[in-house]
Participant: 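Below is one structure. I have some questions about it.
One is the number of the first residue; the rest follow in order along the sequence. This is a predicted model, so every value here is computed, not measured.
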Amino acid sequence: MRNGRSKLAVLAAIPLLAAACSNGDNGDNGDGSASTTDAELSASLTGAGASFPDPLFQDWMHTYSQDVQPGVSINYQSVGSGAGIEQFLEQTVDFGSSERYLTDEDLQVAADTRGCEALQFPVVFGSVVVAFDNPDLDGIVLDAEAVAGIFAGEITNYTDSAIADLNPDMDLPDDEIIPVHRSDSSGTTEVFTHYLSTEVDWWADEYGSGGEIDWAPGLVGGQGNDGVAQGISQNPGGVGYVNQAFVQEAGLASAHIINADGEPIAPTLESTTAASEEAEIPEDFRFSIDGIGGEGYPIAGTNWIFTYTCGYDQAEADAIIDFWTWALTDDVANDVVAELGYAPLGDELKDRVLAEIQRTNADNGDGAGDEGAADADEDAEGDSDE
C-alpha cells in the first residue's frame, strides 16, 4: 500500500523520473555518461550485500562519483546477501543488496524498527555458473541430477557415468572432483540451491534451499564469489558455482546446463536475458526464475536493492534516487552491464522499477503531496507508452 508523500519528495521525484524515462534528453558529461538531474548533489552513502553484482556495482559507483555527481560518494561492501539483509534491517547502511527478496518477516522487522515501509526492487539479472579450472572441461554438459550429485558428494570422478553419458564425445579427465561452495550466507547459494530443489526431489528433501545449507562433508568452502573462484583454481579437479562475471574475470571453464526443454545451454548474456524474460514479476517484485526452457539458461537469479520510504536526510534520499535511476537508464551504465556478463531489465520492468525507486523517503513528511505523486506516476506511464 502506498502512503502519503511529502511535497519536497514529490518535487524532487518529478524531474528525476521524467529525465529517467526520456532516455536521451539528459545532460551529457563528456564521456557518454549522463546525469538524471541538473542539480549538484552532495551525500555520502553506504551499502552492503551480495557479492554477485559486486563487479558491476563497483564500476557503476566509480563512474557515477567520478563523472556524474562528484559530490556523492558511495561505499558498497560485498559481504554476502545474508549480511546485506541483516545490515539493512539493522539500519547500519543506507541500502542493502541481495539475491533473495525480503520475506514477510523481514518486511515486518523493517516496519517495526524504521517506522515505515521497506522497498525492494530488481536492478539486474545474472547467471550462476558451474565452473571449473580445467579448460578441457569448458562446455561440458550437465543436467540437474548430475549437478546435484556432484555437490552432494555422490559423484566423485569426472568419468562417472552420470557425466560420461551426457558427454559421449568429450575426453573426460580421470580426476577426483573437488566441489567448492559458498561458506557465507549467500544469495548466489540461494539461487543455486533453489534451482536444485525445484529440479531434483531428493535434493529438496535432503538439502533444501537457502542462503546457507548443511553441505555434505568433505566439500571446500569459499568466502564470496571470489573465494569460490579461488577455491576452484587452487584445487585440482575443483568445481564450484559462481556468478558469470567472476567466471570471466578468473578465466574459468563453464558447464552447459540442460534446461526444461532438454537443451544444453551455455551461460551467456543472451541466455540469461532469455531466462529473465520468462519470469512472471508481481507488483511487489518478489519472484523466482523457475522452469526455464527455450533458449534460456536455467540457473538464473535476480539482484534486489532495498531502501526505505522514510528516515533519510533529503540529500541522502536525492542521491539514492538519482544513482539508481542513472544506473538503470544511462547508456554508459547499461553498456557495462553487458560487458560484465549480466542481463539488464526489460523496458516494461525498468519503467516499473524507476517508479518504485522514486518512493524512497517519500513518507518522510506530513503525508502531503499525494496528488503530485500520482501525477508523477502518470507521467512515467505516459512516457513509457510513447
Side-chain angles (χ1 to χ4, degrees), residues 1-21 36-37 39 41-49 69 72 74 84-98 101-123 281-286 304-329 349-381 384:
M1 180 176 66
R2 299 195 179 201
N3 299 317
R5 303 179 186 219
S6 70
K7 291 180 180 179
L8 184 58
V10 172
L11 290 173
I14 292 174
L16 288 172
L17 185 56
C21 294
T36 62
T37 176
L41 305 179
S42 178
S44 178
L45 304 176
T46 58
Q69 288 288 355
V72 177
I74 309 175
I85 291 175
E86 182 179 348
Q87 291 186 34
F88 174 72
L89 295 178
E90 291 175 349
Q91 302 181 61
T92 59
V93 294
D94 299 307
F95 64 89
S97 162
S98 176
Y101 55 73
L102 298 176
T103 64
D104 289 343
E105 182 180 353
D106 294 331
L107 293 170
Q108 189 60 56
V109 170
D112 291 343
T113 57
R114 187 82 164 197
C116 64
E117 183 183 357
L119 303 176
Q120 54 187 328
F121 46 87
V123 292
I281 302 176
E283 184 177 353
D284 64 4
F285 298 112
R286 297 196 290 177
W304 285 266
I305 297 300
F306 312 132
T307 66
Y308 289 101
T309 58
C310 73
Y312 298 104
D313 292 339
Q314 193 58 46
E316 295 172 339
D318 289 344
I320 290 171
I321 291 169
D322 191 67
F323 170 71
W324 289 111
T325 300
W326 170 86
L328 295 182
T329 59
L349 176 58
K350 183 181 293 185
D351 287 343
R352 291 169 56 191
V353 169
L354 289 170
E356 191 75 354
I357 292 170
Q358 305 304 314
R359 298 181 61 206
T360 299
N361 218 40
D363 297 335
N364 212 40
D366 57 8
D370 289 330
E371 182 177 348
D375 289 342
D377 288 342
E378 289 174 6
D379 288 344
E381 292 173 3
S384 66

Participant: Which atoms form the tightest heavy-atom contact between Ser42 and Ala315, and what is the distance?
Facilitator: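 Closest approach of Ser42 to Ala315, heavy atoms only: O-CB, 3.5 Å.
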Participant: Between the side chains of Arg286 and Asp104, is the shortest nitrogen-to-carboxylate-oxygen separation below 4.0 Å, so that they form an ion pair?
Facilitator: yes
Participant: Should Phe306 and Ser98 be marked as a side chain to side chain contact (heavy atoms under 4.5 Å, CB included) after you check the CA-CA gap, both sets of side-chain angles, and the distance that decides it?
Facilitator: CA-CA 8 Å; Phe306 312 132; Ser98 176; 3.7 Å; yes
Participant: Starting at CZ of Arg352, measure out to CD1 of Ile357 and round the result to the nearest 0.5 Å.
Facilitator: 13.0 Å
Participant: Take Ile320 and Tyr312, measure what side chain to side chain contact (heavy atoms under 4.5 Å, CB included) needs, and give me the verdict at the end.
Facilitator: CA-CA 10 Å; Ile320 290 171; Tyr312 298 104; 3.6 Å; yes
Participant: What's the shortest heavy-atom distance between Gln120 and Asp284, and which atoms?
Facilitator: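 Scanning both residues, the minimum pair turns out to be CG-O, 4.2 Å.
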Participant: Find the distance between CZ (Phe88) and CZ (Phe95) and round it off to the nearest 0.5 Å.
Facilitator: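 That separation rounds to 11.0 Å.
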Participant: For a side chain to side chain contact (heavy atoms under 4.5 Å, CB included) check, start with the C-alpha distance between Trp304 and Val123, then their side-chain angles and the critical distance, and finish with the verdict.
Facilitator: CA-CA 6 Å; Trp304 285 266; Val123 292; over 6 Å; no
Participant: Please determine whether a side-chain nitrogen of the Lys or Arg among Arg359 and Glu117 lies less than 4.0 Å from a carboxylate oxygen of the Asp or Glu.
Facilitator: yes
Participant: Going by heavy atoms in the side chains, are Thr360 and Thr309 under 4.5 Å from each other?
Facilitator: no
Participant: Going from OH on Tyr308 to CG on Leu89, what distance comes out if it is rounded to the nearest 0.5 angstrom?
Facilitator: 5.0 Å
Participant: Ignoring hydrogens, what is the shortest heavy-atom contact between Asp94 and Ser44? Give both atom names and the distance.
Facilitator: OD2-O, 3.8 Å
Participant: Do the non-hydrogen side-chain atoms of Phe285 and Val353 ever get within less than 4.5 Å of each other?
Facilitator: yes
